Amino acid sequence: MKIEVKAGEIAKTETGAILVNHFEGEERFHENTEINAIDLALQCAISQLITRGELKGKLNEITLVNTLGKLPAPWVAIVGLGKRKELSLDRVRCAVAEACRRLRQKRIYKIATIPQGAGAGNITAGDAAMAITEAALLGTYTFRKHMTKPADYGEIERFQIITDDNSSLPALERGCQKGKIISEAVILTRDMVNEPANYMTPTNMAEVAAKLAQSHGLEITVLEREEMQKMGMGAMLGVAQGSRQPPKFIALRYKGKETDELDVALVGKGITFDSGGISIKPSEKMEEMKGDMAGGASVMAAISAVAQLKPKINVAAIVPATENLPDGNAQKPGDVLTAMNGKTIEIISTDAEGRLILADALAYAVKQGARAIVDIATLTGAIRVALGDTYTGAFSNNPELLSKVIAAGAEAGELIWQLPMHDDYKEKIKSEVADLKNTGNRYAGAITAAQFLAEFIGDTPWVHLDIAATSMSDKERGYSVKGATGVPVRTLVNLVLALAK
Ligand code: BES
Ligand code: MN
Ligand code: ZN
């Protein structure tokens with residue numbers, strides 16, 4: 001899809017469909033001269049639809065009007081943006097995405113839009129352009145790589161953001177550019193998460209990382225099994241020993257300033273398939289466990305977007321990548337492992353593997369001198385029980401960093417809710433034979449998992465995001481489609497940009 005910002009009048013634009021909007025409960029578009037021009041050319045067809053109550057402007061409502069040769073574009077699409085005072089950037093994103101999918105369904109592949117939402121509330125032209133760009137790219141995302149038959153619709157070829165206000169062109173241009181970079185990162189994450197586990201092994205993840213390093217000028221380190229052994233990553237290797245695929249410990253570095261300090265480390269769980277290991281999972285829906293590397297994919301994608309946006313900050317993306325499988329050499333319940341920071345862990349369930357590989361990855365980030373750490377993991381089914389798939393769960397030892405993460409999420413339309421941590425929960429992960437055990441009882445599972453991770457953080461400001469329920473979706477919603485969502489890539493990019501200020 002080619003996306004461009006162009007000066008001109010939307011009514012006069014030659015394209016497949018021109019996309020305008022209507023706010024719920026408003027009688028006419030007195031404020032919007034551009035829509036008025038279209039309405040007049042169509043002999044008030046649109047305002048009549050409004051008067052008759054057929055066009056209400058409800059959020060995501062889409063009305064298509066044929067222009068019958070009265071305008072250069074054969075169709076006008078009017079998308080409802082809901083009530084003006086309730087408008088948010090995320091509503092713009094959702095509504096435009098729905099409109100793009102509808103037009104694609106009608107085999108309209110050239111679209112021109114006004115800067116939807118710009119000027120309403122506190123939405124700037126730049127933010128609107130970014131949101132619209134994200135909507136067009138993310139809302140029409142498909143993963144058809146392994147399908148031999150074509151879809152029954154094509155692809156949107158051209159998407160133009162048209163303005164008659166020349167002074168807003170630079171801001172629109174910048175917003176569009178940023179939207180493209182960020183969407184590309186989200187799409188990379190979705191592709192990696194949707195990819196079957198036989199196409200996205202730890203080795204494949206390391207190859208993706210190498211390509212990203214190459215194209216965006218990132219430093220890369222990939223540790224092999226022997227090097228992990230030397231570094232004492234016993235928890236990571238305990239998980240990896242049940243798989244024939246060699247584990248990879250991937251670290252990407254972005255340097256946005258002269259000094260060498262590491263301002264923030266993004267650590268992502270990279271289990272490329274989670275069978276549960278010897279504590280094997282039920283087979284129903286086990287295929288979904290190909291997505292257990294969503295955290296890892298999201299930090300790799302986020303740092304490559306950061307490398308293109310070039311903020312003055314130093315960032316690392318750290319991904320312990322391995323399969324969790326039950327072969328003859330697999331670790332067993334009752335085994336004791338020693339993590340990189342020297343703590344010993346009794347394995348109760350080999351299916352609580354995410355916290356094991358993260359134990360070493362967090363200790364590694366601490367050892368690298370990270371001043372702040374954010375980890376992202378499809379860590380527990382319990383987080384879905386607690387929050388459903390609306391909010392990502394957050395845990396932290398540092399309210400300031402946490403509030404920045406939550407704010408970065410809100411800006412992205414990726415909802416994040418804090419859950420508590422408390423020393424009481426530590427009791428549940430005390431072992432009779434080692435420093436820790438890797439599971440608690442069946443209650444507060446997402447919290448005991450976070451409490452376990454905290455053992456490997458020391459005093460470093462830290463936020464843990466449990467994305468087990470939000471990284472994949474079983475329904476189409478706004479700019480997110482079925483399958484991988486790409487959450488929380490946009491949050492991470494926003495966070496890094498905010499931390500750089
Ligand atoms: N990868 C799973 C968590 C998960 C579940 C992600 C559903 C996405 C969807 C994780 O490794 C796991 O198996 N967690 C266990 C922990 C338990 C053994 C303490 C779980 O949630 O059941
Ligand atoms: Mn598991
Ligand atoms: Zn897992």
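Values below: every heavy atom of this structure, side chains too, minus hydrogens, waters and symmetry copies. Whatever order the structure lists them in is the order used to number ligands and atoms, beginning at 1. As the structure is a computational prediction, the values presented were derived from the model and not from experiment.
Shown are the protein N/O/S atoms under 2.8 Å from the Zn ion (ligand 3), given by residue and atom: Lys269 NZ, Asp274 OD2, Asp292 OD2, Glu353 OE2. Closer than 2.8 Å to the Mn ion (ligand 2) sit the protein N, O or S atoms Asp274 OD2, Asp351 O, Asp351 OD1, Glu353 OE1.
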For a salt bridge (Lys or Arg N to Asp or Glu O under 4.0 Å) check, start with the C-alpha distance between Glu134 and Lys178, then their side-chain angles and the critical distance, and finish with the verdict. CA-CA 9 Å; Glu134 290 172 345; Lys178 188 174 169 195; over 6 Å; no
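The shortest heavy-atom contact between Ile383 and Ala468 is CG2-CB, 3.8 Å. A pairwise comparison of heavy atoms in Lys248 and Glu224 identifies NZ-OE1, 2.8 Å as the closest pair.
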Using a 3.5 Å cut-off on N/O to N/O, what pairs does ligand 1 make with the protein? A line per pair would be great.
residue	atom	partner	partner atom	Å
ligand 1	1 (N)	Lys269	NZ	3.3
ligand 1	1 (N)	Asp274	OD2	3.1
ligand 1	1 (N)	Asp292	OD1	2.9
ligand 1	1 (N)	Asp292	OD2	3.0
ligand 1	1 (N)	Thr378	O	3.4
ligand 1	11 (O)	Lys269	NZ	3.2
ligand 1	11 (O)	Asp274	OD2	2.8
ligand 1	11 (O)	Asp351	O	3.2
ligand 1	11 (O)	Glu353	OE1	2.8
ligand 1	11 (O)	Glu353	OE2	2.9
ligand 1	13 (O)	Lys281	NZ	2.8
ligand 1	13 (O)	Asp351	O	3.0
ligand 1	13 (O)	Asp351	OD1	2.7
ligand 1	13 (O)	Asp351	OD2	3.2
ligand 1	14 (N)	Leu379	O	3.4
ligand 1	21 (O)	Gly381	N	2.7

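The backbone N or O of Gly478 lies less than 3.5 Å from a partner atom in the side chain of Glu98, making a donor-acceptor pair. A side-chain donor-acceptor contact under 3.5 Å links Arg355 to the backbone of Asn438.
Counted by atom type alone, Asn494 and Thr491 present zero donor-acceptor pairs between their side chains at under 3.5 Å. Residues Ser480 and Thr485 bring no donor and acceptor atom of their side chains to less than 3.5 Å of each other.
A salt bridge is absent between Asp389 and Arg477: the closest approach of a Lys/Arg side-chain nitrogen to an acidic carboxylate oxygen does not fall below 4.0 angstrom. Remark: Arg490 engages Glu414 in a salt bridge, criterion side-chain N to carboxylate O under 4.0 Å. A salt bridge between Glu227 and Lys230 is absent, with no side-chain N of the basic residue lying under 4.0 Å from a carboxylate O of the acidic one.
Between Phe395 and His464, the ring planes are parallel. Angles under 30° get that label, and only those over 60° would be called perpendicular.
Each of Val496, Leu212, Leu218 was compared with Ile303 under the side chain to side chain contact (heavy atoms under 4.5 Å, CB included) criterion, and only Leu218 meets it.
Annotation: ring pair (Phe, Tyr, Trp, His ring centres under 6.0 Å) contacts involving residues 397-447, sequence neighbours excluded, comprise Tyr391-Trp417.
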